[in-house]
Each structure stands twice: as structure tokens, then as C-alpha cells.
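Below: the structure, in C-alpha cells.
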2 protein chains.
Amino acid sequence: MLSGPQYKRIAADLRAQIQDGEFGPGDLLPGELPLSKRYGVSRHTAQCALDVLEAAGLVVRVHGRGRMVKPKTSPDDPVASVDVR
Amino acid sequence: MLSGPQYKRIAADLRAQIQDGEFGPGDLLPGELPLSKRYGVSRHTAQCALDVLEAAGLVVRVHGRGRMVKPKTSPDDPVASVDVR
DNA sequence: TCGTATTTGTTCGTATGTATC
DNA sequence: CGATACATACGAACAAATACG
């Protein structure tokens, strides 16, 4: 209800951790499987959460490697203002 | 294999139709179910195809209604240059 | 207002392919 | 080669929004 979709909640959670500095630029984020277990959701849902961060321009995917915090290239990124609602 | 992912092929197909004028701005696109039947894929795959167009800024979603061709608001959209490969 | 049909939203599960380490 | 991780694709189910009669 108040919590909304799980995947957006997880995405917001991860985003907070990134912006908190728990994950720096270039750091590898936890993968789909680890996230699915940590939050008690399916792998699909964990994937959706990571997709939100990717769409927000916060992370980048690397096939066979994982997802990493996008190294800031342009200082004009409206990244922090993206609504994860 | 040689043809690549189905969802990207379908997305490219739809994009061509849009840019061909078969669907004008504001027009409602075929939904996930119609597309899944037309192309013989699952609803999930059809959804992925439509997601590509949405990510490309070509269409917008409306819950309970469907997806429509985005009415062009800004003429600076690098839309046509998006690679659907 | 209510009920129904349609469509998208969210979530689960599974399988297989491909890329990296 | 084997383990890990993302890529693609199938299926199913119920929720929520919208439109219409």
C-alpha cells in the first residue's frame, strides 16, 4: 500500500546506498541473484529494480560481469533528481 | 541467431511503421496481447518490444489504455537516431 | 453506481543462450 | 572447463486503471 511496488522500493534502497557512498563510481553492485535473496523477491523483481537504476543513469550493465555504478562523466547529469516513485 | 532477439526485431518493425506514418502522434498502438499473437511471441516479449520504443521516446504508456505514439513536443529529439540493434 | 471488458502493472516461476572470469 | 552473471524467452496469476454500458 504505502510501500508501493517492491522493485521500486528496492531501487530506491540501492540508490540511497549509492548516493550515500556505500558504492562508489566503478564499484560492482550486488547482482540479481544476491539481491533476490537479500530482499526475498524473485530474480525478475531484482532485475527490475536494477533496471530502474540503469534507466536513471546511475548504473551501467556489463554482460557477464555485473552492474557497476556509472562513473560520472558529465557534471550536468540530472541524475539525483530522477523520481524513483 | 542471425536474426537477433525477437523483441528488438519487433520493436524495429513497429518503429518503422510509426515513422512511415502508419501510426500518427496520439494514435493508440496495438497492445501487448495483439502484438504477441501477431508475432507469435509471449506477452512478455511483446512488452519488451514496446519498452524499447518507450525508452527511445517514441511512445508513452497509459495504464488501462495502452500505448500511444508520443505527440512530438520538442523538435530536438534524437529519436530517429536511436539504435534498435 | 455497478459490473464487465480491456489493457497495462506487478510478481512469481522456469529454461536456455551468451559472455566473462 | 566450470562458475558466475547478464540476455532472451516462455508461462501463469492477480492487481490496478480505464472505458463503456
Side-chain angles (χ1 to χ4, degrees), chain A residues 1-15 17-18 23-71 82-85, chain B residues 1-15 17-18 23-71 82-85:
Chain A
M1 322 241 199
L2 290 179
S3 40
Q6 298 182 73
Y7 79 96
K8 290 188 180 178
R9 218 186 55 75
I10 297 172
D13 215 34
L14 288 172
R15 194 183 56 157
Q17 287 182 290
I18 292 174
F23 294 106
D27 280 359
L28 216 53
L29 290 174
E32 298 169 359
L33 236 44
L35 285 179
S36 72
K37 291 181 180 175
R38 175 185 307 175
Y39 288 95
V41 298
S42 72
R43 185 186 146 185
H44 175 76
T45 300
Q47 189 186 35
C48 285
L50 289 165
D51 284 348
V52 169
L53 298 180
E54 191 190 358
L58 279 171
V59 308
V60 291
R61 260 187 294 189
V62 184
H63 192 172
R65 287 249 305 160
R67 285 156 172 99
M68 69 170 85
V69 179
K70 180 185 270 183
V82 172
D83 196 358
V84 188
R85 187 183 29 135
Chain B
M1 333 240 202
L2 289 178
S3 39
Q6 299 182 73
Y7 80 96
K8 291 188 180 178
R9 219 186 53 76
I10 297 172
D13 215 31
L14 289 173
R15 194 183 56 155
Q17 287 182 291
I18 292 174
F23 294 107
D27 279 0
L28 216 54
L29 290 173
E32 298 168 358
L33 236 45
L35 286 179
S36 71
K37 291 181 178 173
R38 175 184 308 174
Y39 288 95
V41 299
S42 70
R43 183 189 152 188
H44 173 79
T45 300
Q47 190 184 34
C48 285
L50 289 165
D51 283 348
V52 170
L53 298 180
E54 192 190 356
L58 279 171
V59 308
V60 291
R61 260 185 294 190
V62 184
H63 190 173
R65 287 251 304 161
R67 285 157 172 99
M68 69 169 86
V69 179
K70 181 186 270 183
V82 172
D83 196 358
V84 189
R85 191 186 24 140

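Bear in mind the structure is a predicted one, so any value in this text is a computation, not a measurement. When reading the values below, keep in mind they use all heavy atoms of this one structure, side chains included, and skip hydrogens, waters and symmetry mates. A note on names: the letters A, B, ... follow the listed sequences, proteins ahead of strands, and every chain is numbered from 1.
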> Using a cut-off of 4.0 Å on non-hydrogen atoms, how would the nucleic acid contact of B:Q6 be classed: base, sugar-phosphate, or nothing?
Replying inline: sugar-phosphate
> Which residue lies toward the 5' end of DNA chain C, A:H44 or A:G64, if each is placed at its nearest nucleotide?
Replying inline: A:H44
>> What I want to check is whether an N or O donor and acceptor connect the side chain of B:H63 with the base of D:dA16 at under 3.5 Å.
In response: yes
>> Taking the side chain as everything from C-beta on, heavy atoms only, tell me whether B:L29 gets closer than 4.5 Å to B:L35.
In response: no
> How many Å lie between CG on B:D51 and C1' on D:dT8, as a whole number?
Replying inline: 14 Å
> Is it true that B:R67 and B:E32 have a side-chain N and a carboxylate O under 4.0 angstrom from each other?
Replying inline: yes
> Which whole-number value in Å describes the distance from B:E32 CD to D:dA9 P?
Replying inline: 15 Å
>> Just the rounded figure in Å: distance from P of C:dT10 to CD1 of A:I10.
In response: 13 Å
>> Judged by each residue's nearest nucleotide on DNA chain D, which is more toward the 5′ side, B:V62 or B:G40?
In response: B:G40
> For the base of C:dG9, is there a side-chain donor-acceptor partner from B:R67 under 3.5 Å away?
Replying inline: no
> Expressed in angstrom and rounded to an integer, what is the separation of B:L33 atom CG from D:dA12 atom P?
Replying inline: 12 Å
>> Would B:D51 and B:E54 count as a side chain to side chain contact (heavy atoms under 4.5 Å, CB included) here? Give the steps.
In response: CA-CA 5 Å; B:D51 283 348; B:E54 192 190 356; 3.8 Å; yes
> Can you find a heavy atom in the side chain of B:D13 that is under 4.5 Å from one in the side chain of B:Y39?
Replying inline: yes
>> Taking the minimum atom-to-atom distance to the side chain of A:T45, which one of C:dT11, C:dT20, D:dA9 wins?
In response: C:dT11
> B:R43 has an atom CZ; how far is it from atom P of C:dC12, in whole Å?
Replying inline: 16 Å
>> Can you measure A:K8 atom NZ to D:dA16 atom P for me and round it to whole angstrom units?
In response: 14 Å
>> It should be established whether A:Y7 places a side-chain nitrogen or oxygen under 4.0 Å from OP1 or OP2 of nucleotide C:dT10.
In response: yes
>> If you apply the rule side chain to side chain contact (heavy atoms under 4.5 Å, CB included), what do you find for A:L50 with A:L14, and how did you get there?
In response: CA-CA 8 Å; A:L50 289 165; A:L14 288 172; 4.1 Å; yes
> Rounded to whole angstroms, how far apart are CZ on A:R61 and C1' on C:dT18?
Replying inline: 14 Å
> Atom CD of A:E54 and atom P of D:dC6: how far apart are they, to the nearest Å?
Replying inline: 11 Å
> Which base sits across from C:dT1 as a Watson-Crick or G-U pair, both distances under 3.5 Å?
Replying inline: none
